[in-house]
Amino acid sequence: MESLMCVDGMDAYEESMYWAARLFKGVLPKEALDTASRIVNNSDNPGIVLRTKRLLTQWGKGGEK
């Protein structure tokens, strides 16, 4: 988590999107899913894409976080 929060540049923007999707899934589920999908489809950061894919898998299994 610390590494996700302590970076600069475009990666920081994508990682902020990841955390927003993760934290607000219960409030804005469609928007969270859309954000996570955009990260997977458009990000060049393999680390954030991997984390986002894991998150989408969890959500698909009924996990909230």
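Quick note: residue numbers are just sequence positions, from 1.
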(Q) Would a single hydrophobic cluster contain both Met17 and Phe24, if residues Ile, Leu, Val, Met, Phe, Trp and Tyr are joined by side-chain heavy-atom contacts under 4.5 Å? (A) no

Q) Does Ile48 share a hydrophobic cluster with Leu23, counting links as ILVMFWY side-chain heavy atoms below 4.5 Å and allowing steps through other members? A) no

Q. How close do Pro46 and Asp44 get, heavy atom to heavy atom, and via which atoms?
A. CD-O, 3.2 Å

**Q.** Minimum heavy-atom distance Val49-Ile39, with the two atoms named
**A.** CG2-O, 3.9 Å

Distance-only donor-acceptor pairs under 3.5 Å for side chains of residues 28-36, two or more places apart:
residue: Asp34; atom: OD2; partner: Arg38; partner atom: NE; Å: 3.1
residue: Thr35; atom: OG1; partner: Glu31; partner atom: O; Å: 2.9
residue: Thr35; atom: OG1; partner: Arg38; partner atom: NH2; Å: 3.3

Q: Would you indicate whether the side-chain heavy atoms of Arg54 and Thr57 approach each other to under 4.5 Å?
A: no

Q: Nearest 0.5 Å please: distance from the OG atom of Ser43 over to the CZ atom of Arg51.
A: 11.0 Å

Q | Pairwise distance CZ(Arg22) to CH2(Trp59) - rounded to 0.5 angstrom | A | 9.0 Å

Q. Rest of the hydrophobic cluster containing Leu50 (Ile/Leu/Val/Met/Phe/Trp/Tyr, side-chain heavy atoms under 4.5 Å)?
A. none

Q: Would you check, one step at a time, whether the test side chain to side chain contact (heavy atoms under 4.5 Å, CB included) holds for Glu15 with Asn45?
A: CA-CA 9 Å; Glu15 290 162 0; Asn45 180 330; 3.4 Å; yes

